[in-house]
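Written out below as structure tokens is the structure these notes cover.
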Amino acid sequence: MKAQSKGSSRKQRQSHLSSADLKALRAALEAKRAELQREVSTDISEGTHSEQFAEVRDSAERAERTEEEEELLDLADQESTLLSQINRALGKMDKGIYGLSEESGLPIPLERLRALPWARFTAEEEAEIEQGRREKRQRTRAQS
């Protein structure tokens, strides 16, 4: 038998969630995925059909429509990012490692998963990561 490295043993840890919890969380993830897929499709469609407004001669109306399209495409991008996170969570369910922090391997509390089923970290870890991002942005701005 081969010894597992510390990192791989963390990933092999089984979920702390009951089968009923997993079933409910999977249903929530799949429902959110279907909703986002529809929204992304709609936003992209509405955000890329400016040719329908080619007859608009008023530059203010054209500018407004261009701004609306950019907002729709930005929204579709954000929705696509969330969709990726949801697909990642579903993949982790399939591997039996859903509900464990990707940082520490610690269990993510059920209440956090109910509120944010695609959570990748515990709330504390997420706060630390975000604090690190803020500090990095501040250092970058200070250097500019």
Show which side-chain atoms of residues 109-118 pair as donor or acceptor with protein atoms under 3.5 Å away, not counting sequence neighbours.
from, atom 1, to, atom 2, distance (Å)
Glu111, OE2, Arg114, NH1, 2.7
Arg112, NE, Phe121, O, 2.8
Arg112, NH2, Phe121, O, 3.3

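- A donor-acceptor contact under 3.5 angstrom links the side chains of Asp21 and Ser18, judged on distance only.
- The nearest pair of heavy atoms linking Met93 to Leu22 is CE-O, 3.7 Å.
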- Can Glu102 and Arg88 be said to form a salt bridge (Lys or Arg N to Asp or Glu O under 4.0 Å), step by step? CA-CA 11 Å; Glu102 292 179 16; Arg88 180 185 190 116; 2.9 Å; yes
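- Remark: Glu30 pairs with Arg26 by the salt bridge (charged side-chain N to carboxylate O under 4.0 Å, His left out) rule, at least two apart or across chains.
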- Evaluate the criterion salt bridge (Lys or Arg N to Asp or Glu O under 4.0 Å) for residue pair Arg141 and Glu135; output intermediate values, then yes/no. CA-CA 10 Å; Arg141 286 183 195 136; Glu135 290 171 0; over 6 Å; no
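- When every heavy atom of His16 is checked against every heavy atom of Gly99, the shortest pair comes out as CE1-O, 3.1 Å.
- The closest side-chain heavy-atom distance from Leu17 to Leu25 is below 4.5 Å.
- Of all heavy-atom pairs between Arg33 and Leu83, the closest is CG-CD1, 3.4 Å.
- At a threshold of 4.5 Å between non-hydrogen side-chain atoms, the residues Leu73 and Asp43 do not count as touching.
- When atom types are taken as modelled, the side chain of Glu125 and the backbone of Thr122 share a donor-acceptor pair closer than 3.5 angstrom.
- What you find for Ile44 and Ala76 is that their closest heavy atoms are CG1-CB, 3.7 Å.
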